[in-house]
Amino acid sequence: MKRHRPLPSPAPSSTTGTPKPTITHYYSSKKPKTPLLLLPDLKQTPKWIPLNLPKSELYLPLTFPTGQTFRWKQITPFQFTGVIGPHLISLKHSNQTHVSYCLHNNTSQSDARSKLLDFLNMAISLTDLWSDFSAADPRFAELAGCLSGARVLRQDPLECLIQFICSSNNNIKRITQMVDFVSSLGNYVGEVEGVAFYEFPTLERLAEVSEEEHRKAGFGYRAKYIRGTVEELQSKPGGGVEWLMSLRKLDLESAVEALTSLPGVGPKVAACIALFSLDQHHAVPVDTHVWKIATRYLIPELAGKKLTPKLCSHVADAFVERYGKYAGWAQTLLFIAELPSQKALLQSLNETVKDVKPEKIKEEEGS
DNA sequence: CGGTAACCTGGGAT
DNA sequence: AATCCCAGGTTAC
């Protein structure tokens, strides 16, 4: 049996002060506490403002830590903090139900609120969508009952692009490190519970970072992708940011074609950017998880095959055929249900009900 | 055009 | 201990 995890004391970091341990899920209060006696009420007690949303419209733990963004930090199980434009914002569930937000820095309240609602894609009713998906697919209905409130965000295209270039053939932990590095190039906007937050850097700022610096920061071969993409964007006549934003007005195929012209952006990454930032609601990012889902339920005849770029579009088509023009939103839930963390939960939920109806459990044997 | 081998890096399995 | 394999893929032969 393996040795237990070392005690919570900091690892014997060798020489110079290595960066602090990688961020995991929670930021427990190991940080130097502010001296209690010295803080009167003057310290900004955050003002929580209700959003009046049921958790069926927005459930934070199924929206933020699920791979759409690596910029938001989980402060407690039910509070997430991140930056939208210049605004440092926290979101939390009170009573584990309704959602409230607070603004930590001294920016315009009204602008923060409107940008937040936009970021949360609140113009779209998740419950309406899911009722359609459930009608089209009883299996979706079953999952939806357990995992409600998994919403697709509407992120800034540049932020989204850079994040997903980092994500390719990579794991969550390192993606987060890399995104943290890029973020730290932007303007500092404040800290919450010991975690520093930054605006996302501008294209100009990104252009100041060499491939070599990114390599040293641990980007591996993605360093040249970042560099190349930033340069490519800067060469766009009307400006790179404007060019990216203009993709929101194109159809999905054209948007994907434009995106994949950038180095480090293939079909999967392009679909992520399209869905998570460009209003392409039927974009379906096909990765290994989605491939498994698809070959199990949607196109079983392809089970066992290896996932090739060609098959990616086939899978995406199958999703659209089944779920319609918001197929990307359906995919999001199905994807989340595949995550190990959620699977464990679903499993335990299932077992309490299992005894009642054995049904047929044969099907997959395989190999 | 479709199929394959490198590609940075770190952790876990063999 | 040395390798292999894999992780929300893309690129170049």
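As a basis for the values below, the full set of heavy atoms in this structure was taken, side chains included, without hydrogen atoms, waters or symmetry mates.
Taking atom C1' on both B:dG2 and C:dA7, the two are 25 Å apart, rounded to the nearest angstrom. A distance of about 26 Å separates the P atoms of C:dG9 and B:dC1, rounded to the whole Å. Of the C1' atoms belonging to B:dA5 and C:dC5, the separation is 15 Å, rounded to the nearest Å. Distance check on atom P: C:dC13 versus B:dC8 gives 14 Å, rounded to whole Å. For B:dG3 and C:dG8, the C1' atoms lie 22 Å apart once the distance is rounded to whole Å. Spacing between C:dT11 and B:dG10 at atom C1', rounded to whole Å, works out to 22 Å. Rounded to whole Å, the separation between the P atoms of B:dT9 and C:dA1 comes to 23 Å.
For the pair A:I175 and A:Y225, nearest-nucleotide mapping onto DNA chain C gives the more 5' position to A:I175. Nearest-nucleotide positions on DNA chain C place A:N171 closer to the 5' end than the other of A:N171 and A:P263.
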| message | Between A:T63 and A:Q68, is the side-chain hydrogen bond (donor to acceptor under 3.5 Å, both in side chains) condition met? List the steps. | response | CA-CA 8 Å; A:T63 298; A:Q68 308 187 50; 5.2 Å; no
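Residue contacts shown for A:R215 are limited to sugar-phosphate atoms, with no base heavy atom under 4.0 Å away. Here A:V286 lies out of heavy-atom contact (under 4.0 Å) with every strand. If you check every strand for non-hydrogen atoms under 4.0 Å, A:F164 touches nothing. Using a 4.0 Å heavy-atom criterion, one finds that A:L262 contacts the sugar-phosphate atoms exclusively. Residue A:G67 is classed as a base contact, given a heavy-atom separation below 4.0 Å to a base.
Distance A:K305 NZ to B:dG2 C1': 12 Å, rounded to the nearest Å. Summarising the geometry, the separation between CG on A:L307 and C1' on B:dT4 is reported as 14 Å, rounded to the nearest angstrom. Between the CZ atom of A:F219 and the C1' atom of B:dC7 there is a distance of 16 Å, rounded to whole Å. With rounding to whole Å, A:R174 atom CZ is found 11 Å from B:dC8 atom P. Counting to the nearest Å, the P atom of B:dC8 and the CG atom of A:N169 are 11 Å from each other.
A salt bridge does not link A:R205 with A:E199: none of the charged nitrogens is closer than 4.0 Å to a carboxylate oxygen. A salt bridge is absent between A:D132 and A:K325; no separation between the charged side-chain nitrogens and carboxylate oxygens falls under 4.0 Å. Between A:E211 and A:R215 there is a salt bridge, since a side-chain N of the basic residue sits under 4.0 Å from a carboxylate O of the acidic one.
Residue pairs meeting the ring-ring contact (aromatic ring centres under 6.0 Å, His included) criterion with at least one partner in residues 289-308 of chain A, sequence neighbours excluded, are A:H289-A:F335.
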Can you give the donor-acceptor pairs under 3.5 Å from side chains of residues 135-149 of chain A to other protein atoms, not counting sequence neighbours?
unit_1, atom_1, unit_2, atom_2, d
A:D137, OD1, A:R139, N, 2.9
A:D137, OD2, A:Y323, OH, 2.5

Please list every donor-acceptor pair under 3.5 Å in which a side-chain atom of residues 258-271 of chain A meets a protein atom from a residue at least two apart or in another chain.
unit_1, atom_1, unit_2, atom_2, d
A:T260, OG1, A:V256, O, 2.8
A:T260, OG1, A:E257, O, 3.1
A:S261, OG, A:A258, O, 2.6

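Here B:dG11 is in the anti range [glycosidic angle more than 90° from 0].
Looking at residues two or more places apart in sequence or on another chain, you find no side-chain contact (heavy atoms from CB on, under 4.5 Å) involving A:S131.
Nucleotides of DNA chain C with any atom under 4.0 Å from a heavy atom of chain A span, from 5' to 3', C:dA7 to C:dT11.
Contact between A:F133 and A:Y326 at its shortest, heavy atoms only, is CZ-O, 3.3 Å.
Checked against the 6.0 Å centroid criterion, the rings of A:H214 and A:F181 qualify as a close aromatic pair.
Scanning DNA chain B for stems, defined as runs of 3 or more consecutive Watson-Crick or G-U wobble pairs whose donor-acceptor distances all fall under 3.5 Å, gives the following ranges: B:3-7 with C:9-13, B:9-14 with C:2-7.
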